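This is a predicted model, so every value here is computed, not measured.
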Amino acid sequence: MATKPPTMETELVLASDGAIYVSFEEEPPAGRRVFTGYALTADERAQHGTQSLLRWACLQLLALGSDGCVYIEEGAIEPEGRKEFRGYALTPQEVERVAQEIHRTAFNVTIAMRAK
């Protein structure tokens, strides 16, 4: 019996509208844009390829998740059986803080990998 591969939770997505959306459990902060999207399968990503995905992003909101998935906005694809992401848009100040954390983390990972 094959075991199911481990899944990684999506903490944030980078969306084609230029926003970074972070996941939420309860209610998002008041006044924030909300993105609900469904992940494409690996076969769908391979079938569409980069050019088609970019073309698709011009027609509806597309987001790249921190879990490696490509999410398409709700209503554009059938959600049945797909991984779902719901998140709210960060403010410019929050984006700056997230970018600093990503930079710091990437630097630390690079140093650790070079040490090996």
Side-chain angles (χ1 to χ4, degrees):
M1 175 184 263
T3 60
K4 190 174 179 181
T7 59
M8 186 167 91
E9 291 301 315
T10 312
E11 296 296 329
L12 60 87
V13 298
L14 307 173
S16 59
D17 65 355
I20 296 176
Y21 293 85
V22 295
S23 63
F24 63 91
E25 298 278 328
E26 303 295 320
E27 289 297 314
R32 301 290 184 98
R33 290 189 320 252
V34 173
F35 170 74
T36 300
Y38 297 97
L40 293 175
T41 65
D43 288 341
E44 289 170 330
R45 290 192 312 267
Q47 173 191 355
H48 292 295
T50 305
Q51 288 182 340
S52 291
L53 287 176
L54 291 174
R55 196 174 313 116
W56 205 357
C58 293
L59 301 174
Q60 59 262 329
L61 199 53
L62 177 138
L64 305 176
S66 59
D67 61 352
C69 290
V70 175
Y71 291 89
I72 305 296
E73 71 181 322
E74 183 175 41
I77 59 175
E78 178 61 41
E80 187 78 25
R82 296 178 187 274
K83 187 172 181 181
E84 178 184 21
F85 174 83
R86 286 183 29 142
Y88 64 87
L90 296 178
T91 65
Q93 295 81 12
E94 291 167 336
V95 167
E96 185 174 328
R97 196 171 78 230
V98 166
Q100 288 172 354
E101 284 301 310
I102 290 170
H103 183 269
R104 183 184 61 77
T105 301
F107 178 78
N108 289 336
V109 168
T110 302
I111 296 301
M113 293 304 295
R114 293 192 87 191
K116 288 187 174 194

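- For E74, the side chain to side chain contact (heavy atoms under 4.5 Å, CB included) partners at least two apart in sequence or on another chain are T36, Y38.
- The shortest non-hydrogen separation linking G65 to V13 is CA-CG1, 3.6 Å.
- Within the model, atoms CG of L90 and CZ of R32 stand 6.5 Å from one another, a figure rounded to the nearest 0.5 Å.
- Among all heavy-atom pairs drawn from Y71 and E84, the shortest one is CE2-C, 4.2 Å.
- Screening residues 14-31 for salt bridge (Lys or Arg N to Asp or Glu O under 4.0 Å) gives D17-R33 as the qualifying pairs, with residues at least two apart or on separate chains.
- The side-chain hydrogen bond (donor to acceptor under 3.5 Å, both in side chains) check on T91 picks up Q93, E94, with sequence neighbours excluded.
- Atoms CG and CZ, on L12 and F85 in that order, are 7.0 Å from each other to the nearest 0.5 Å.
- Here the closest heavy-atom approach between residue I77 and residue A39 is recorded as CD1-O, 4.4 Å.
- Every side chain to side chain contact (heavy atoms under 4.5 Å, CB included) that P28 has, sequence neighbours left out, goes to F24, V34, Y88.
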Open item on the list: Applying side chain to side chain contact (heavy atoms under 4.5 Å, CB included) to V70 and L64, what does each step give before you reach the verdict?
Closed with: CA-CA 5 Å; V70 175; L64 305 176; 3.9 Å; yes
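- Applying the salt bridge (Lys or Arg N to Asp or Glu O under 4.0 Å) rule to pairs touching residues 35-50 yields E44-R82, sequence neighbours excluded.
- Going from atom CG of L62 over to atom CG of L40 covers 7.0 Å, rounded to the nearest 0.5 Å.
- Contact between D67 and C69 at its shortest, heavy atoms only, is OD1-N, 3.0 Å.
- Scanning both residues, A89 and Y21, for their nearest heavy atoms gives N-CD2, 3.3 Å.
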Can you give the donor-acceptor pairs under 3.5 Å from side chains of residues 95-103 to other protein atoms, not counting sequence neighbours?
{"from": "E101", "atom 1": "OE1", "to": "R104", "atom 2": "NE", "distance (Å)": "3.2"}
{"from": "E101", "atom 1": "OE1", "to": "R104", "atom 2": "NH2", "distance (Å)": "2.6"}

